[in-house]
Amino acid sequence: MRACPISCTAVKQQFSTCSRKPKDVNQMTRGNPCQLPGMLPNYDPNDSEAGMKILEDLTENVEQIQQRVLEEIITRNARTDYLKGFLDGQFDKQVFKKTVPVVNYEDIKPYIERIANGDSSNIISAEPIIELLTSSGTSGGQPKMMPSTAEDLHRKTFFYNLLVPVMNKYVDGLDEGKAMYLLFVKPETKTPSGLMARPVLTSYYKSNNFKNRPFNRFNVYTSPDETILCSDSKQSMYCQLLCGLVQRQEVLRVGAVFASAFLRAIKFLEHNWKELCSNIRTGHVSDWITDPGCRKVVSLVLNKPKPELADLIEHECNSKSWEGIIKKLWPRTKYIEVIVTGSMAQYVSTLEYYSGGLPLVSTMYASSECYFGINFKPLSKPWDVSYTLIPNMAYFEFLPVKKKNEDGAQYVQCNGVCKENCMEKETEKEDVETVELVDVKLGQYYELVVTTFTGLYRYRVGDILMVTGFHNKAPQFRFVHRRNVVLSVDTDKTSEEDLLKAVTKAKVTVESLGILLIEYTSYADTSSIPGHYVLFWEITSKGNNHLPVLDHKIMEQCCSTVEESLDSVYRRCRRKDNSIGPLEIRVVQHGTFDALMDFCVSQGSSVNQYKTPRCIKSGEAINILDSRVVARFFSQKAPFWEPV
């Protein structure tokens with residue numbers, strides 16, 4: 001184990017210098033708490049004061065830590081096939097920034113595919129790559145794959161442990177009860193090399209870092225691990241809700257990773273509360289719960305018949321309105337922990353309806369590539385959430401993003417809230433110099449670029465961020481949006497190009513009948529759970545401007561064709577996870593898109609440069625389209641999907 005390379009005394013004293021480095025993630029156990037990789041301070045997660053001291057030290061010494069992080073990554077990996085082609089044996093940081101290019105996924109995809117097919121990890125990483133993490137972003141219709149090492153799991157554990165002292169600073173008594181966090185694993189596949197390819201959270205939940213985690217009195221779950229690790233999502237959901245209801249008086253906080261997942265759980269509860277109450281009343285788990293691990297642990301939680309508890313839950317669930325149901329079912333709950341920034345902001349109003357006034361807390365900013373930042377003010381409103389990047393997680397750079405001029409103005413979402421000052425233009429220029437973490441400017445927009453310990457070098461994450469302030473010397477960022485993403489309901493991310501390809505395939509069906517698609521746009525409708533994609537189509541008959549007679553089966557086939565043409569993540573959400581509803585096409589009357597243009601021009605767009613937006617976020621614009629709908633059609637079957 002390398003000793004901590006950080007030079008500043010305050011931080012250096014916090015870092016462990018264990019001489020033994022585990023070769024495999026499974027070597028880390030309760031009995032070996034010192035086995036942490038370099039640059040990660042070692043502390044007792046039950047000691048909130050120590051945790052806050054670490055965060056203060058990290059954010060006070062940002063520049064020194066960032067320079068040491070880059071030095072450590074270069075020193076380790078300069079002899080990998082990827083870097084030695086640029087560095088030519090040099091270990092200099094300036095040479096790295098001068099010669100190593102800023103890249104997209106397509107640039108590094110061949111290297112990752114070689115590893116997936118059996119080549120050595122040393123192509124990109126000196127540390128053995130133990131698995132590939134599938135991203136919600138796609139390439140060629142398939143999930144992107146990010147390299148991961150055993151050390152990276154320890155880094156994630158360190159990051160998760162730092163969330164607890166921040167919450168303890170704002171919310172008292174979290175060690176006096178439990179958390180009902182609804183956590184799930186997703187499908188995984190084995191690559192030709194034998195490495196597993198799976199989502200980042202599935203990777204973590206299946207690791208010994210999670211399964212053998214030391215006791216933390218601030219982070220006790222109502223869900224036994226067996227219910228979280230159950231591969232059948234329906235059985236997992238049912239068992240976790242059942243355990244949460246039985247332990248309702250102990251629950252101090254509820255949540256899931258994403259807002260969409262938590263709302264799916266509420267909808268599931270709406271459909272299944274009678275059966276859940278029956279299980280509680282009889283003390284017997286439903287026979288259709290066949291997973292042996294789930295049956296065993298849930299039976300232990302149920303323990304015995306609880307008719308009074310069943311009656312109480314039944315009374316609340318039987319109400320005409322479910323407004324405030326969270327607070328009614330779990331009366332001691334202090335907050336709801338879910339990500340409500342980015343595309344998840346569209347669920348805020350629905351969450352507020354069910355929450356009974358509870359705060360909505362977004363604690364962290366992370367991705368498959370890397371865990372990035374922590375919300376140091378967790379009780380802030382969703383539209384005010386900012387994340388402080390933790391400087392020892394990776395080396396961070398930023399590509400400046402220019403604001404558009406008035407003639408090209410368009411509105412984007414800042415944490416889900418349309419604001420005029422969120423107008424921006426994403427740069428695609430390769431000669432734009434990056435800005436270091438300590439040099440970003442307040443109020444400016446940037447695209448995040450990371451160099452990680454796991455084999456990503458100057459990689460464009462695709463997130464557009466705005467600098468909102470500083471905690472000590474660490475910048476704080478508000479998530480604005482994903483680059484090139486126009487539609488998202490759950491973990492899906494559909495770009496304008498993806499949507500165009502899907503619509504192009506679908507319109508062939510109607511063109512053969514003499515029908516022309518004149519214009520289209522879309523939006524993600526999350527007014528119901530699960531949310532679904534809506535396409536607005538303006539169509540006409542060839543040779544005249546009359547609205548043609550529409551055959552329901554033909555239009556439903558168009559819906560299905562669009563879904564079949566979208567990427568693997570969308571199709572998995574539709575078919576496997578049931579986290580996205582059937583796609584809908586709404587046919588609008590002639591002249592609708594002219595009315596949309598008139599509205600956009602009235603809001604500041606230039607009539608000379610106007611292009612039909614392929615995704616609508618403005619409520620007023622959606623109302624204009626909806627008021628002119630003449631027919632609605634839904635996909636009648638889920639698209640094909642299988643793990644790849």
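Values below: every heavy atom of this structure, side chains too, minus hydrogens, waters and symmetry copies. Residues take their numbers from the sequence shown, with the count starting at 1.
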Self-check item: Check ion pair Asp152-Lys156 (N to O, under 4.0 angstrom)
Solution: yes
Quiz prompt | Glu72 and Arg76 ion-paired at < 4.0 Å | solution = yes
Quiz item: Could you go step by step and tell me if Lys206 and Thr202 meet the side chain to side chain contact (heavy atoms under 4.5 Å, CB included) rule?
Solution: CA-CA 6 Å; Lys206 288 193 171 185; Thr202 298; 4.1 Å; yes
Quiz item: Below 4.0 angstrom, N of the basic side chain to O of the carboxylate: do Glu564 and Arg574 qualify?
Solution: no
Quiz item: Out of Tyr446, Tyr445, Phe398, which residue meets the ring pair (Phe, Tyr, Trp, His ring centres under 6.0 Å) rule with Phe477?
Solution: Phe398
Self-check item: Approximate separation, where rounding is to 0.5 Å, of Leu389 CG and Leu58 CG
Solution: 12.5 Å
Quiz prompt | Nearest atoms (heavy-atom pairs only) where Gly373 meets Phe159 | solution = O-CZ, 3.2 Å
Quiz item: Got Asn77 and Ser125 here, is their nearest side-chain heavy-atom distance under 4.5 Å?
Solution: yes
Quiz item: Do you know which two heavy atoms are closest between Ile115 and Ser120, and how far apart they sit?
Solution: CG1-O, 3.8 Å
Quiz item: Any side-chain heavy atom of Leu229 within less than 4.5 Å of one from Tyr205?
Solution: yes
Exercise. Carefully, step by step, assess Tyr570 and Tyr533 under the rule ring-ring contact (aromatic ring centres under 6.0 Å, His included).
Key: CA-CA 10 Å; Tyr570 174 90; Tyr533 287 12; 4.9 Å; yes
Quiz prompt | Spacing of CG belonging to Leu70 relative to NZ belonging to Lys93, to within rounding of 0.5 Å | solution = 6.5 Å
Quiz item: Are the aromatic rings of Phe262 and Tyr347 close, with centres under 6.0 Å apart?
Solution: no
Quiz item: Going by distance alone, is a donor N or O of one side chain under 3.5 Å from an acceptor N or O of the other, for Asn122 and Thr80?
Solution: no
Self-check item: Considering all heavy atoms, the nearest Met146-Ser368 contact
Solution: CB-O, 4.0 Å
Quiz item: Can you tell me how far the CD1 atom of Ile73 sits from the OG1 atom of Thr452, to the nearest 0.5 Å?
Solution: 6.5 Å
Quiz item: Step by step, would you call Asn104 with Arg483 a side chain to side chain contact (heavy atoms under 4.5 Å, CB included)?
Solution: CA-CA 12 Å; Asn104 291 305; Arg483 182 165 57 93; 3.1 Å; yes
Quiz item: If every non-hydrogen atom of Arg264 is compared with every non-hydrogen atom of Ser579, which pair is closest and at what distance?
Solution: NH1-CB, 3.0 Å
Quiz item: Looking at NZ of Lys190 and CE of Met196, how far apart are the two atoms once the value is rounded to the nearest 0.5 Å?
Solution: 6.0 Å
Practice problem: Assess the side chains of Gln476 and Tyr387: does a donor N or O sit below 3.5 Å from an acceptor N or O? | Solution: no
Quiz item: For Pro187 and Pro199, which heavy atoms make the closest approach, and how far apart are they?
Solution: O-CD, 3.6 Å
Quiz item: Ser121 side chain to Pro128 main-chain N or O, any donor-acceptor pair under 3.5 Å?
Solution: no
Quiz item: Do Glu56 and Lys53 sit within salt-bridge range, that is, some charged N less than 4.0 Å from a carboxylate O?
Solution: no
Quiz item: Between Asp225 and Arg213, does a salt bridge (Lys or Arg N to Asp or Glu O under 4.0 Å) hold up when you go through it step by step?
Solution: CA-CA 11 Å; Asp225 287 0; Arg213 60 194 181 278; 3.0 Å; yes
Self-check item: Main-chain N/O of Phe640 paired to Arg571 side chain as donor or acceptor, under 3.5 Å
Solution: yes
Self-check item: Ion pair Glu397/Arg458, N-O distance below 4.0 Å
Solution: yes
Quiz item: Are side-chain heavy atoms of Met393 and Phe372 found at a separation under 4.5 Å?
Solution: no
Self-check item: Value rounded to 0.5 Å, distance of CZ in Phe96 from CG in Leu83
Solution: 6.0 Å
Quiz item: Does a side-chain N-to-carboxylate-O contact under 4.0 Å join Asp291 and Lys234?
Solution: no
Quiz prompt | Arg155 to Phe453, cation-pi by 6.0 Å centre distance and 45° axis angle | solution = yes
Quiz item: Does a donor on one side chain and an acceptor on the other come within less than 3.5 Å for Ser367 and Glu369?
Solution: yes
Quiz prompt | Donor-acceptor pair between Arg572 and Thr491 side chains, under 3.5 angstrom | solution = yes
Exercise. Begin from the C-alpha positions of Ile129 and Leu132 and carry the test side chain to side chain contact (heavy atoms under 4.5 Å, CB included) through to its verdict.
Key: CA-CA 8 Å; Ile129 292 170; Leu132 297 168; 4.2 Å; yes
Self-check item: Carboxylate-amine/guanidinium contact Lys186 Asp577, below 4.0 Å
Solution: yes
Exercise. For the pair Asp44 (side chain) and Asn46 (backbone), establish whether a donor and an acceptor sit closer than 3.5 Å, ignoring hydrogens and angles.
Key: yes
Self-check item: Nearest atoms (heavy-atom pairs only) where Val486 meets Glu496
Solution: CG2-N, 3.7 Å
Quiz item: Taking Arg575 for the side chain and Ala638 for the main chain, is one N or O donor matched with an acceptor at less than 3.5 Å?
Solution: yes
Quiz item: Ring centroid separation for Tyr457 and Tyr82, is it under 6.0 angstrom?
Solution: yes
Practice problem: Considering only NZ, NE, NH1 and NH2 on the basic side and carboxylate oxygens on the acidic side, decide whether Lys84 and Asp88 come within less than 4.0 Å. | Solution: no
Practice problem: Answer yes or no: is there a side-chain heavy-atom contact under 4.5 Å between Leu153 and Ile130? | Solution: yes
Exercise. Using a 4.5 Å cut-off on heavy atoms from C-beta on, say whether the side chain of Tyr105 contacts that of Ile112.
Key: yes
Quiz item: Do Thr451 and Phe396 have side-chain heavy atoms sitting under 4.5 Å apart?
Solution: no
Quiz item: Have Tyr181 and Asn219 got a donor and an acceptor in their side chains that come within less than 3.5 Å?
Solution: no
Exercise. Would you mind reporting whether Val338 and Ser362 have side-chain heavy atoms less than 4.5 Å apart?
Key: no
Self-check item: Nearest-0.5 Å distance that lies between atom CD in Glu447 and atom CZ in Arg460
Solution: 4.0 Å
Exercise. Check the pair Ile374, Thr363 against side chain to side chain contact (heavy atoms under 4.5 Å, CB included), reporting the backbone distance first and the verdict last.
Key: CA-CA 6 Å; Ile374 293 174; Thr363 59; over 6 Å; no
Quiz item: Taking NZ, NE, NH1 and NH2 as the nitrogens, is one of them in Lys97 or Glu433 under 4.0 Å from a carboxylate oxygen of the other?
Solution: no
Practice problem: Verify the distance criterion only: is there a donor paired with an acceptor across the side chains of Thr189 and Arg198 at less than 3.5 Å? | Solution: no
Exercise. Answer with yes or no whether the side chains of Thr227 and Gln240 bring together a donor and an acceptor at under 3.5 Å.
Key: no
Quiz item: Would Tyr204 and Tyr160 count as a close aromatic pair, with their ring centres under 6.0 Å?
Solution: yes
Exercise. Verify, without hydrogens or angle tests, whether Asp463 (side chain) and Leu448 (backbone) share a donor-acceptor contact under 3.5 angstrom.
Key: no
Quiz item: Is it true that the side chains of Asn209 and Thr157 contain a donor and an acceptor less than 3.5 Å apart?
Solution: yes
Quiz item: Would you call Glu131 and Val200 a side-chain contact if the rule is heavy atoms closer than 4.5 Å?
Solution: no
